[in-house]
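Comments concern the structure below.
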There are 2 protein chains.
Amino acid sequence: MTDQKTNTGADFSRTDPAALEDRIRSAALRPTRQRLALAELLFSNGNRHLTAEKLHSEVLHSGVKISLATIYNNLHQFTAAGLLREVVVDSSKSYFDTNVTPHHHFFHEDEGRLQDIESSELTVLGIPNLPAGTAISSIDVIVRLSKQSS
Amino acid sequence: MTDQKTNTGADFSRTDPAALEDRIRSAALRPTRQRLALAELLFSNGNRHLTAEKLHSEVLHSGVKISLATIYNNLHQFTAAGLLREVVVDSSKSYFDTNVTPHHHFFHEDEGRLQDIESSELTVLGIPNLPAGTAISSIDVIVRLSKQSS
DNA sequence: TTCCTTTTTAGAAACATTCTAATCTATTGA
DNA sequence: TCAATAGATTAGAATGTTTCTAAAAAGGAA
Ligand SMILES: [Mn+2]
Ligand SMILES: [Mn+2]
Ligand SMILES: [Zn+2]
Ligand SMILES: [Zn+2]
């Protein structure tokens with residue numbers, strides 16, 4: 001299991017504004033006020049797993065007014081640029097993950113919370129031959145956790 | 001990988017009406033016209049992976065008129081009774097699986113289609129120690145497949 | 001600045017799913 | 001056989017998440 005602050009590349013835990021701006025520019029996106037506020041929440045606090053609504057409420061609480069449409073636009077643009085990945089664990093809402101390296105998850109069902117399991121720890125053995133004409137896009141392991149029955 | 005008709009218990013591929021009725025009764029549910037029509041589609045055609053909408057359109061095409069609310073009611077009742085399990089692979093809709101034994105999946109992303117991988121074939125090694133106070137509810141492995149890049 | 005493109009936005013729309021509350025049906029046992 | 005009752009079905013409204021629309025605002029190149 002990884003530490004909450006571990007990241008593959010540089011440590012963005014205390015990223016200065018200029019670095020965030022570079023990160024956005026390198027994705028061929030303009031560093032708008034809204035995008036900078038989102039990038040700060042997403043990329044300056046270690047690895048995170050967030051829904052659109054959670055990110056929206058965080059950014060509003062931080063004092064920046066952003067519409068929900070902009071949250072979705074940017075989550076998708078960041079995902080397309082490889083700065084985020086989408087994790088499917090719930091059939092009603094999407095989670096976005098700031099850890100874009102291959103890894104797996106614990107999912108705390110009662111809290112709706114994801115927790116990383118590093119690829120170096122967990123191994124999947126015995127994947128059958130792939131159906132003809134297909135290639136692996138990703139391998140997702142979700143270990144669903146419930147509260148221990150007393 | 002399992003054959004499409006393989007099932008853990010009896011073979012329900014050509015289940016007679018009386019057996020379907022028993023199956024429903026043993027779940028403490030009444031064998032209504034609607035429930036029997038759904039059970040026939042679900043449990044007399046090998047292992048299946050269906051969305052509510054797909055099941056609805058199949059049952060309508062078979063000539064039985066059932067409301068979508070009833071489809072959902074019954075999918076959830078069958079799931080609660082252990083006759084179905086829900087598989088989360090898409091953040092916008094739910095899939096219901098007639099194979100309730102522990103197993104994993106290929107997911108054909110382009111077609112939105114699930115395919116079983118038997119537990120006897122695929123192994124997950126190295127699950128970290130569980131967070132305190134939690135227990136494993138299930139382990140879901142999804143191997144996402146895209147069309148092979150030519 | 002000017003011009004062009006990207007971005008943001010409010011609100012409408014779409015979509016899957018659940019809820020409501022009325023009607024209908026299966027079961028039971030008098 | 002037939003009430004009585006609990007369970008099941010239904011249409012349509014409501015919900016929650018996500019996407020779309022179209023107009024206004026802002027960024028960036030020159
Ligand atoms: Mn999406
Ligand atoms: Mn459900
Ligand atoms: Zn993660
Ligand atoms: Zn399956």
Side-chain angles (χ1 to χ4, degrees), chain A residues 17-18 20-39 41-42 49-60 62-81 83-84 86-96 112, chain B residues 17-18 20-39 41-42 49-60 62-81 83-84 86-96 112:
Chain A
L20 283 177
E21 189 171 326
D22 288 351
R23 215 166 154 68
I24 289 170
R25 281 208 147 84
S26 67
L29 297 169
R30 292 175 178 173
T32 62
R33 187 175 53 80
Q34 293 86 342
R35 221 166 244 152
L36 283 165
L38 294 177
L41 285 170
L42 289 167
H49 302 93
L50 291 166
T51 62
E53 273 297 351
K54 184 69 172 42
L55 180 58
H56 192 214
S57 90
E58 285 192 9
V59 80
L60 292 186
S62 84
V64 182
K65 195 196 154 229
I66 308 188
S67 77
L68 192 52
T70 297
I71 301 284
Y72 278 104
N73 287 343
N74 281 286
L75 286 173
H76 287 139
Q77 287 161 335
F78 287 166
T79 301
L83 302 179
L84 293 177
E86 207 170 334
V87 181
V88 178
V89 280
D90 182 306
S91 53
S92 74
K93 66 177 79 113
S94 287
Y95 285 75
F96 292 85
Chain B
L20 283 177
E21 188 171 327
D22 288 352
R23 215 164 152 68
I24 290 169
R25 281 210 148 82
S26 69
L29 297 169
R30 291 176 180 175
T32 62
R33 187 176 53 82
Q34 293 87 342
R35 219 166 247 152
L36 283 165
L38 295 178
L41 286 170
L42 289 168
H49 302 93
L50 293 165
T51 62
E53 273 296 350
K54 184 68 171 46
L55 181 58
H56 191 214
S57 90
E58 284 194 10
V59 81
L60 293 185
S62 84
V64 182
K65 197 198 153 230
I66 308 187
S67 75
L68 194 52
T70 298
I71 302 284
Y72 278 104
N73 287 342
N74 280 286
L75 285 173
H76 286 138
Q77 286 161 334
F78 287 165
T79 301
L83 301 178
L84 292 177
E86 208 170 336
V87 181
V88 178
V89 279
D90 182 307
S91 55
S92 75
K93 65 177 82 110
S94 287
Y95 285 74
F96 291 86

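A note on names: the letters A, B, ... follow the listed sequences, proteins ahead of strands, and every chain is numbered from 1.
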Checklist line | Distance (rounded to the nearest 0.5 Å) between A/Asn74 CG and A/Arg35 CZ | finding: 4.5 Å
Margin query: Within this structure, what is the CD1-CD distance for the pair B/Ile71 and B/Glu58, rounded to the nearest 0.5 Å?
Written below: 10.0 Å
Notebook entry, point to check: Quick one: does A/Arg30 reach the base of C/dT5 with a side-chain donor-acceptor pair under 3.5 Å?
Noted result: yes
Can you figure out which of [options] approaches the side chain of [X] most closely?
X       : options                : value
A/Ala52 : D/dT10, D/dT18, C/dT17 : D/dT18
A/Thr32 : C/dT9, C/dT8, D/dT10   : C/dT8
B/Gln77 : D/dA8, D/dT18, C/dT8   : D/dA8
B/Ile66 : D/dT10, C/dT9, C/dA10  : D/dT10
B/Tyr72 : C/dA16, C/dT8, D/dT9   : C/dA16

Next item on the list: Go through A/His76 and A/Phe96 one step at a time and tell me if the side-chain contact (heavy atoms from CB on, under 4.5 Å) criterion holds.
Entry: CA-CA 9 Å; A/His76 287 139; A/Phe96 292 85; 4.1 Å; yes
Could you check how far [atom1] of [X] sits from [atom2] of [N], rounded to whole Å?
X       : N      : atom1 : atom2 : result
A/Tyr95 : D/dT18 : OH    : P     : 10 Å
A/Asp90 : D/dT17 : CG    : P     : 9 Å
A/Leu29 : D/dA26 : CG    : C1'   : 15 Å
B/Leu55 : C/dT17 : CG    : C1'   : 15 Å
B/Phe96 : C/dA16 : CZ    : P     : 14 Å
B/Glu53 : C/dC15 : CD    : C1'   : 9 Å
B/Asn74 : D/dT9  : CG    : C1'   : 9 Å
A/Arg33 : D/dA25 : CZ    : P     : 13 Å

Item checked: Test item: B/Val88 and A/Val89 side chains (from C-beta on) under 4.5 Å apart, heavy atoms -> no
Check: Taking side chain as C-beta onward, heavy atoms only, is B/Ser62 less than 4.5 Å from B/Val59?
Finding: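 Result yes, sub-4.5 Å side-chain heavy-atom pair found.
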Under 4.0 Å from OP1 or OP2 of [N]: is there any side-chain N or O of [X] that close?
X       : N      : value
B/His76 : C/dT17 : no
B/Arg25 : C/dT27 : yes
A/Gln34 : D/dA26 : no
A/Asn73 : D/dT18 : no
B/Lys93 : C/dA14 : no
A/Ser94 : D/dT18 : yes
B/Arg35 : C/dA26 : no

Note to self: Quick one about A/Glu86 and A/Ser94 (side-chain donor to acceptor, distance below 3.5 Å, no hydrogens or angles considered), yes or no?
What the structure shows: yes
Next item on the list: Using a 4.0 Å heavy-atom cut-off across all strands, classify B/Thr70 as base, sugar-phosphate, or nothing.
Entry: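 Base contact.
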Check: Across the strands shown, which category fits A/Leu68 at heavy-atom distances under 4.0 angstrom: base, sugar-phosphate, nothing?
Finding: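 Base contact.
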Notebook entry, point to check: How do B/Pro31 and B/Ala69 order along DNA chain C: which one's closest nucleotide is nearer the 5' end?
Noted result: B/Ala69
